[in-house]
Amino acid sequence: MAKLIEPRVLKGFRDFLPEQEAERLRIMGLLAETFGAHGFVPIDTPILEYTEILLGKGGGETDKQIYRFEDQGGRDVAMRYDLTVPFARYMAAHLHELYLPFRRFHMAKAFRGENTQRGRYREFVQCDFDIVGTDAASADFEIVTMIDAAFAAMGVNDARIHFAHRGVFNALLSALEVDSGTDEVLRVVDKLRKIGGQAVREELEGLIGAQAGERVIALVSLEGTNAQIVERMRELVPTAGEALARIEAVVAAALELGLGGRLVLDPSITRGLDYYTGIVFETFLTGLPEIGSVCSGGRYDDLAGLYTKERLPGVGASIGLDRLMAALAEIGVPSPGGGAADALVLCLDESLLAHYHLIARTLREAGLRVEVYPDPKKLAAQFAFAEKKGIPAAVICGPQERSAQAVNVRDLRSRSSTDGVPLAGAAEVIRDLLETGAG
RNA sequence: GUGGAUGUAGUUCAAUCGGUAGAGCGCCAGAUUGUGGGUCUGGUUGUUGCGGGUUCAAGUCCCGUCAUCCACCCCA
């Protein structure tokens with residue numbers, strides 16, 4: 001016998017069992033609905049791109065993590081490591097077939113060859129949504145409401161959207177006459193919550209000197225209500241008028257729409273990525289902050305500058321679906337679950353197979369999801385199968401019921417049967433059964 | 001990529017100084033061939049992640065490797 005190949009999967013890549021995959025599809029469905037309700041349209045792009053398309057924008061670290069190889073035609077190709085860069089190429093390629101402002105969403109897998117950790121995989125699903133072609137505060141705020149609506153749709157009431165504005169930070173740095181190593185400064189500040197104020201102070205001192213470091217710390221440590229923080233920012237960085245006006249507009253809109261409590265102005269949010277130029281977001285679950293941001297994004301003033309001379313400003317964010325689901329599983333946010341089907345037609349006698357499929361079709365026509373068991377196994381085994389698969393009802397029909405044009409309906413949760421139900425009335429009996437169980 | 005921890009039955013976990021790998025739960029069969037959650041009886045479960053090495057003898061010690069988790073880095 002040939003030696004068996006071990007059925008293993010690569011580090012950071014995963015198989016999904018039906019229950020997990022169903023849950024993922026369910027959440028993606030909820031997100032698609034939410035996005036659609038805001039006028040966002042779906043797109044897709046290839047997983048594989050010419051390497052030159054993907055490099056260049058990301059910067060050194062992402063370049064190292066990229067999956068790259070030569071294809072069968074000798075082309076230098078790479079797998080997308082996020083959805084934003086391919087989207088930039090997409091906009092440059094199709095600008096003339098589209099319209100502005102363009103709102104799109106894109107839920108798909110991305111790949112990074114970095115080290116794994118809980119909620120961090122090498123193959124992961126991102127759910128991106130962006131509004132391209134406008135600088136308006138309305139678009140910034142719309143992304144906030146979208147994040148809020150998306151988490152609400154998923155049944156997560158635990159999410160806090162932290163946001164800040166790059167402009168405030170840049171204004172402070174230029175007032176301090178820091179013009180080199182600003183990326184470094186951003187990265188250090190980004191770690192504030194993680195490593196603490198003292199560690200950040202020390203690192204900043206080495207980068208830009210003690211005095212400038214103190215001013216930066218003063219800005220990023222601000223706490224209080226959103227309005228209070230804006231006031232203090234105005235005092236600390238008087239030259240950041242435009243950015244502050246944008247922040248105020250978003251804060252005011254959030255207050256008016258009643259999501260003030262879930263939107264937190266947090267000057268320590270900077271985002272390491274250097275293409276952000278305006279507002280930036282990170283979303284945390286209050287029950288599990290250590291898993292990191294489950295939805296991040298921000299405003300960029302030129303999305304596709306590498307591929308077209310058209311200037312395309314935009315704002316968007318991305319939900320890390322795998323990380324989010326890992327977090328929800330850990331916190332224990334219940335998912336409605338729901339069985340694979342509503343009812344299972346049992347098999348008592350192989351010669352009745354056509355009748356079993358007729359019963360199934362009748363029930364399906366009444367709107368139920370029905371599965372037919374193929375083998376005439378012991379009833380106990382068929383019940384156990386249904387239970388394992390999460391099917392709540394069984395339809396039992398032997399020769400006697402068949403001649404009476406009836407079936408027996410069994411509630412697999414209460415283990416009680418309703419015998420002699422006319423076939424025409426079976427759907428209703430099952431529907432009642434489903435409702436009592438749900439309540 | 002760097003540093004650290006972990007890896008034993010389907011699952012949760014045990015195994016002393018290196019000395020025949022065990023238990024609960026689950027699973028299978030029967031009491032009960034058309035109605036399974038109870039009880040009883042019997043039974044099953046292992047390349048100890050994988051590959052080498054040391055040893056009379058390795059789950060245990062050593063080296064390598066794969067995977068998971070933690071930190072750094074980066075990020076969703």
Side-chain angles (χ1 to χ4, degrees), chain A residues 3-15 17 58-66 80-84 106-129 147 183-184 186-188 190-191 194-195 199 269-274 276 280-285 290-298 316-327 330 344 346-349 352 376-388 393-402 407-419:
Chain A
K3 192 177 178 221
L4 292 175
I5 298 163
E6 195 184 335
R8 58 186 184 158
V9 298
L10 285 165
K11 175 189 176 78
F13 289 71
R14 295 171 300 159
D15 285 330
L17 293 174
E61 210 46 53
T62 39
D63 285 5
K64 275 185 239 159
Q65 300 175 347
I66 203 164
R80 64 182 176 213
Y81 60 86
D82 71 5
L83 302 180
T84 304
H106 189 188
M107 296 189 278
K109 284 178 173 176
F111 304 85
R112 287 181 203 171
E114 68 177 337
N115 245 348
T116 56
Q117 234 170 85
R118 178 181 52 173
R120 288 176 76 159
Y121 310 100
R122 291 185 167 180
E123 178 191 50
F124 56 98
V125 172
Q126 290 197 318
C127 304
D128 272 37
F129 43 101
I147 297 173
D183 289 357
E184 278 299 306
L186 288 175
R187 263 191 282 277
V188 171
D190 207 38
K191 293 190 291 187
K194 206 161 188 177
I195 64 176
I269 298 292
T270 59
R271 310 286 296 133
L273 298 177
D274 50 10
Y276 290 119
V280 286
F281 319 101
E282 293 197 356
T283 307
F284 299 95
L285 301 177
E290 66 269 20
I291 203 162
S293 171
V294 291
C295 175
S296 309
S318 177
I319 295 175
L321 192 66
D322 300 280
R323 177 178 291 186
L324 174 64
M325 288 181 65
E330 183 153 333
L344 179 70
L346 301 198
C347 179
L348 275 65
D349 185 336
L352 294 181
K377 292 195 177 163
K378 287 178 50 174
L379 284 189
Q382 301 193 45
F383 288 144
F385 168 82
E387 188 165 71
K388 185 155 191 180
V395 177
I396 302 158
C397 179
Q400 293 163 23
E401 289 83 3
R402 161 101 203 250
V407 296
N408 299 339
V409 175
R410 184 170 176 83
D411 185 335
L412 295 172
R413 293 161 305 191
S414 67
R415 304 200 170 196
S416 60
S417 295
T418 310
D419 291 349

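Keep in mind that the numbers below use all heavy atoms, side chains included, and drop hydrogens, waters and symmetry copies. Quick note on labels: first sequence line is chain A, next is B, and so on, each numbered from 1. No experiment lies behind these values; they were computed from the predicted model shown.
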Rounded to the Å, how far apart are [X] [atom1] and [N] [atom2]?
{"X": "A:Gln382", "N": "B:G34", "atom1": "CD", "atom2": "P", "result": "11 Å"}
{"X": "A:Arg8", "N": "B:C66", "atom1": "CZ", "atom2": "P", "result": "9 Å"}
{"X": "A:Glu114", "N": "B:A76", "atom1": "CD", "atom2": "P", "result": "10 Å"}

Which nucleotide sits closest to the side chain of [X]: [options]?
{"X": "A:Gln126", "options": "B:U35, B:G36, B:A76", "result": "B:A76"}
{"X": "A:Ser417", "options": "B:U68, B:C70, B:U35", "result": "B:U35"}
{"X": "A:Gln117", "options": "B:A71, B:C74, B:G34", "result": "B:A71"}
{"X": "A:Arg112", "options": "B:C75, B:U68, B:G1", "result": "B:C75"}
{"X": "A:Thr116", "options": "B:C69, B:G36, B:A76", "result": "B:C69"}
{"X": "A:Leu379", "options": "B:G34, B:C73, B:G1", "result": "B:G34"}

> What nucleic acid atoms does A:Asp82 come within less than 4.0 Å of, heavy atoms only: base, sugar-phosphate, or nothing?
Replying inline: nothing
> Which part of the nucleic acid, if any, lies within reach of A:Arg120 when heavy atoms closer than 4.0 Å are counted: base, sugar-phosphate only, or nothing?
Replying inline: base
>> Regarding A:Asp128 and A:Ser318, do their side chains bring together a donor and an acceptor under 3.5 Å, going by distance alone?
In response: yes
> For residues A:Gln126 and A:Asp82, is any side-chain donor paired with an opposing acceptor at under 3.5 Å?
Replying inline: no
>> Quick check: any donor-acceptor pair below 3.5 Å linking the side-chain of A:Arg118 to the base of B:C70?
In response: no
> If every non-hydrogen atom of A:Cys295 is compared with every non-hydrogen atom of A:Phe129, which pair is closest and at what distance?
Replying inline: SG-CZ, 4.4 Å
>> Any non-hydrogen side-chain atom of A:Glu401 less than 4.5 Å from a side-chain atom of A:Ile396?
In response: no
>> Rounding to an integer number of angstrom, what distance separates B:U41 and B:A58 when you compare their C1' atoms?
In response: 39 Å
